[in-house]
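Let me begin by presenting the structure, written as structure tokens, before commenting on it.
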Amino acid sequence: MKLATWNINSLTVRLPQVLDWLAANPVDVLVLQELKLTDDKFPTDQFAQAGYLSHSFGQKTYNGVALLSRTPATDVVKNIPGFDDDMARVITGTVSQGEGDGAQSIRVVGAYFPNGQEPGSDKFEYKMEWLKGLRSWLKEELVKHPRLLLMGDYNITFDDLDVWDPEGMRDAIHCTDEERYQLNALIALGLTDSHRLFPQPPKSYSWWDYRDAGFRRNRGLRIDHILVSQALKAQVKSCVIDKTPRKNERPSDHAPVVVELG
DNA sequence: ATGGCTCGATTGTCGAGA
């Protein structure tokens, strides 16, 4: 079973690329971030024709997330219960792994974490509060659903390995101690970074700035993550960042990340 | 380089992203 996350930076612009990618990479589950459209404009039919059922949680202009799956997702929840939020950032659902008597359910949380803009700003404070809200809810969610993945655009790097210029970006947004403390507090709930379970190419990133030939020069950050709960950790067979679509014309600035469960 | 691209909302220009 394969599950993927991808910040596509406008589904209106990127829909053909997402459909192409799914045709070439027929994953079982795909969570999307930054749809930048409302639910009435979500291309449900086109994903259905591609073999995917979808749940969207969009808003105008900014944010917006979706959960696509080959088999129906159940118990779908939008945003973080217990945390008041104007923005559409989280979509959660339960999907089935396997069929028949051996089938087991998996809880998938797809999330678009706040950017934070700049340490000390109002948006940074919102990011911190959002992260605390997420953790508080996830703690309970893990009790109800021990087999859980948290995947999406975290907008946080773990450490220097995730940053193309660690010295230049010291204490910059995505790299501050405060953000990393919150990320490690999620890890402390019993989650594991799938990426680091396996040998990875050096300087593996999931986002590159559009400006200044960031992708060509591999000036990037690893900010898109797939965290798995303790109950799923032993089943993780691979975790790969797919840079292929970043080479498209008019690409998203993010690459998809794919995890395989055995 | 208080920037560089890209997107949406707009239709000249700016906020936001990361």
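All values below come from the heavy atoms of this structure, side chains included, with hydrogens, waters and symmetry mates left out. Note that the structure is predicted; figures quoted are calculated from it, not measured. Order of the sequence lines fixes the chain letters, A, B, ..., with proteins taken first and strands second; residue numbering starts at 1 for each chain.
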Please classify the nucleic acid contact of A/D224 as base, sugar-phosphate, or nothing, using heavy-atom distances under 4.0 Å.
nothing
Select base, sugar-phosphate, or nothing to describe what A/N63 touches, counting heavy atoms under 4.0 Å on all strands.
nothing
Whole-Å distance between B/dG17 P and A/I156 CD1?
14 Å
Regarding A/D39 and A/S56, is there a side-chain donor-to-acceptor distance under 3.5 Å anywhere?
yes
CZ of A/F124 versus P of B/dA18: gap in Å, rounded?
15 Å
A/T157 side-chain N/O to A/H174 backbone N/O, donor-acceptor pair under 3.5 Å
yes
Among B/dT6, B/dG8, B/dA18, the one nearest any side-chain atom of A/V13 is B/dG8
What's the CZ-P distance between A/R211 and B/dC7, to the nearest Å?
14 Å
What's the closest nucleotide to the A/K60 side chain, out of B/dG15, B/dG4, B/dA9?
B/dA9
Integer-rounded Å distance: B/dG17 P and A/D212 CG
21 Å
Over how many whole Å does the gap from A/E249 atom CD to B/dC5 atom P extend?
17 Å
P spacing across the pair B/dT2 / B/dT13, given as an integer number of angstrom
23 Å
Pairwise P distance for B/dA1 and B/dT11, with rounding to whole Å
36 Å
Nearest whole angstrom, please: distance from the P of B/dC5 to the CG of A/N248.
20 Å
Is A/N9 close enough to B/dC7 that one of its side-chain N or O atoms is under 4.0 Å from OP1 or OP2 there?
no
What orientation do A/W208 and A/F215 show, parallel under 30°, tilted 30 to 60°, or perpendicular over 60°?
perpendicular
Taking only the side-chain nitrogens and oxygens of A/S10, find out if one of them lies under 4.0 Å from OP1 or OP2 of B/dG8.
yes
For the C1' atoms, the ones on B/dG3 and on B/dC14, what distance do you get once it is rounded to whole angstrom?
15 Å
For A/K36 and B/dG17, what is the distance between atoms NZ and C1' respectively, to the nearest whole Å?
7 Å
Closest to side chain of A/H254, choosing from B/dA18, B/dC5, B/dG8:
B/dA18
Scanning both residues in full, the closest heavy-atom pair of A/T38 with A/D40 reads OG1-OD1, 2.6 Å
Measure from the side chain of A/T61, starting at C-beta and using heavy atoms only, and say which of B/dA18, B/dG8, B/dA16 lies closest.
B/dG8
Of all the nucleotides listed (B/dA16, B/dG8, B/dC5), which has the minimum atom distance to the side chain of A/Y62?
B/dA16
Parallel, tilted or perpendicular for A/F42 and A/F47, by the 30°/60° rule?
tilted
Select from A/R250 and A/I223 the residue whose nearest nucleotide in DNA chain B is closer to the 5' end of that strand.
A/R250
Which part of the nucleic acid, if any, lies within contact of A/R219, taking any heavy atom under 4.0 Å across all strands shown: a base, the sugar-phosphate backbone alone, or nothing?
nothing
Test the A/R222-A/Y205 pair against the cation-pi criterion, namely NZ or CZ under 6.0 angstrom from the six-membered ring centroid and within 45° of the ring axis.
no
Proximal nucleotide (of B/dC7, B/dA9, B/dA18) relative to the A/Y112 side chain:
B/dA18
Looking at B/dA18, does its base get a donor-acceptor pair with the side chain of A/N115 below 3.5 Å?
yes
Below 4.0 Å: OP1/OP2 of B/dC7 and any side-chain N or O of A/R14
yes
Find the distance A/R89:CZ to B/dA16:P and express it as a whole number of Å.
12 Å
